[in-house]
There are 2 protein chains.
Amino acid sequence: MVTTSTLVGNPYQQDCPTRRILDRIGDKWTVLIVGALGDDAVRFSELRRRIQGISQKMLTQTLRSLEEDGLVSRTVTAQVPIKVEYALTDVGQSLRAPLKALEEWSIEHLGSVLDARIAHQEAGA
Amino acid sequence: MVTTSTLVGNPYQQDCPTRRILDRIGDKWTVLIVGALGDDAVRFSELRRRIQGISQKMLTQTLRSLEEDGLVSRTVTAQVPIKVEYALTDVGQSLRAPLKALEEWSIEHLGSVLDARIAHQEAGA
DNA sequence: CAGAATCCTCTGCGATACTG
DNA sequence: CAGTATCGCAGAGGATTCTG
């Protein structure tokens, strides 16, 4: 016999896959980095340029955790000014599709969301 | 004449749709609430039961902001123990598809991510 | 160029207690 | 039952400075 608690209403357990992934990609920069990487290898400085407003610290930090999770690969080329390139791994690439879906939703519905926000604001006043 | 900076590498502007939406749904609870609402209207207490570990404060707060953005509707029924039900609006419903895609990605790739994490840990040691 | 290290601030969020 | 109000802390993350 099992307790009923886990069988009712399909609850989100503390450590369900959705939550674990959300904890990873749900931060401020991960999604943007994955988007900025795209198909090819990109240098650190170029990434920084593509993602407006990201600090060097957060770019490094987020890239490290993406690498740790096998979503991004890091390639160092020892030359005069050192070159470090980042690229999405296969798993990282596979994340692009769902994120793209989210991006399209954003573009399609942002207007409606902003309208609702203003309407709500006026109603509250 | 425009500066070239915004034309190179398709950068993520500070206020692009993706970022604005990310700021909204990228928090700890929004996605889980949308998932927990699903098709039908759900009472406050039931929501709390479905989303394990959410505090009453964050549930209220996140529901408020979702309502403000027109993603969730709030219906009060004045009866002896007051009843308040929340439901996704049409726009809110439309968000389910992209989130579902993300959830499926989670389920499919969580294992690989965890493996990579362990492998990386061992390599680092 | 690509970072590591340090400091410091701001705020997300939990814990707790009270209300209609 | 469905909230509101207040307190407090841990941690995210920015700014700055220093290195190979």
Side-chain angles (χ1 to χ4, degrees), chain A residues 8-9 12 14-15 19-33 36-37 40-69 72-87 120 124, chain B residues 8-9 12-15 19-33 36-37 41-69 72-87 120 124:
Chain A
V8 178
Y12 286 93
Q14 301 274 26
D15 62 344
R19 282 209 186 184
R20 303 196 66 151
I21 294 296
L22 240 46
D23 282 346
R24 252 309 181 217
I25 72 167
D27 71 303
K28 194 173 178 182
W29 299 111
T30 295
V31 169
L32 294 173
I33 290 180
L37 280 174
D40 33 50
V42 183
R43 294 184 67 158
F44 187 86
S45 48
E46 172 62 19
L47 266 180
R48 221 181 147 177
R49 225 168 300 121
R50 290 193 188 175
I51 306 169
Q52 201 176 76
I54 193 171
S55 66
Q56 176 268 325
K57 175 188 175 181
M58 289 316 296
L59 181 53
T60 302
Q61 186 174 304
T62 310
L63 283 170
R64 289 284 175 280
S65 82
L66 283 170
E67 193 189 355
E68 185 182 329
D69 286 355
V72 159
S73 66
R74 178 173 181 270
T75 310
V76 182
T77 309
Q79 57 181 37
V80 191
I82 192 174
K83 180 166 84 170
V84 181
E85 285 182 321
Y86 295 89
H120 188 273
Chain B
V8 178
Y12 285 93
Q13 301 297 127
Q14 301 274 26
D15 61 345
R19 282 211 186 183
R20 303 194 66 148
I21 293 296
L22 239 47
D23 282 346
R24 252 306 182 219
I25 71 167
D27 70 303
K28 193 173 178 182
W29 299 112
T30 294
V31 169
L32 294 173
I33 291 181
L37 281 174
V42 184
R43 294 185 67 159
F44 187 86
S45 48
E46 173 62 19
L47 266 180
R48 218 180 150 178
R49 226 169 299 120
R50 289 192 188 177
I51 306 169
Q52 203 175 74
I54 193 171
S55 68
Q56 177 272 329
K57 176 188 174 181
M58 289 316 296
L59 181 52
T60 302
Q61 186 173 306
T62 311
L63 282 170
R64 289 284 176 278
S65 83
L66 283 169
E67 193 190 354
E68 186 182 329
D69 285 356
V72 159
S73 67
R74 179 173 179 268
T75 310
V76 182
T77 309
Q79 58 182 37
V80 192
I82 193 175
K83 180 168 83 170
V84 181
E85 285 182 321
Y86 294 89
H120 188 272

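Each chain gets a letter, A, B and so on, in the order its sequence line appears, and its residues count up from 1.
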Exercise for the section: Check whether the side chains of B:Gln13 and B:Arg19 place a donor and an acceptor atom closer than 3.5 Å, and report yes or no. Expected result: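 Short answer, no.
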Exercise for the section: Verify whether one side chain among B:Gln61 and B:Ser65 offers a donor that lies under 3.5 Å from an acceptor in the other. Expected result: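 No pair is found: no donor N or O on one side chain lies under 3.5 Å from an acceptor on the other.
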Problem - Which atom of B:Ile33 lies closest to which atom of B:Leu66, heavy atoms considered - result: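 Distance-wise, the nearest heavy atoms are CG2-CD1, 3.8 Å.
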Exercise for the section: Apply salt bridge (charged side-chain N to carboxylate O under 4.0 Å, His left out) to B:Arg49 and list each qualifying residue two or more places apart in sequence or on a separate chain. Expected result: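 For B:Arg49, the residues satisfying salt bridge (charged side-chain N to carboxylate O under 4.0 Å, His left out) (neighbours in sequence not counted) are B:Glu46.
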Practice task
Could you go through the side-chain contact (heavy atoms from CB on, under 4.5 Å) check for A:Phe44 and A:Lys83 one step at a time?
Solution key: CA-CA 8 Å; A:Phe44 187 86; A:Lys83 180 166 84 170; over 6 Å; no
Can you find a side chain N or O atom of [X] that sits less than 4.0 Å from OP1 or OP2 on [N]?
X	N	result
A:Arg43	C:dC1	no
A:Tyr86	C:dC1	no
B:Arg74	D:dG3	yes

Without decimals, in angstroms, what is the distance between [X] [atom1] and [N] [atom2]?
X	N	atom1	atom2	result
B:Leu59	C:dG12	CG	P	17 Å
B:Lys83	D:dG3	NZ	C1'	17 Å
B:Leu63	C:dC13	CG	P	14 Å
B:Leu32	C:dG12	CG	P	17 Å

Exercise for the section: For residues A:Leu47 and A:Ile54, determine if any side-chain heavy atom of one lies less than 4.5 Å from a side-chain heavy atom of the other. Expected result: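 Not in contact.
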Handout entry: Flag side-chain contact, heavy atom, 4.5 Å: A:Trp29 against A:Leu59
Key =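 The answer is no, as the side chains (C-beta and beyond) never meet within the 4.5 Å cut-off.
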Exercise for the section: Between protein and nucleotides 10-20 of chain D, map the contacts as a letter string: B base, S sugar-phosphate only, - none, heavy atoms under 4.0 Å, written 5' to 3'. Expected result: ---BBB-----
Problem - Carboxylate-amine/guanidinium proximity below 4.0 Å for A:Asp15 and A:Arg20 - result: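 Looking at A:Asp15 and A:Arg20, the cut-off is not met.
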Handout entry: Five-pair end axes of the helix from C:dC1-D:dG20 to C:dG20-D:dC1 and the angle they enclose, rounded to 10°
Key =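 So the angle between the two local helix axes works out to 50°.
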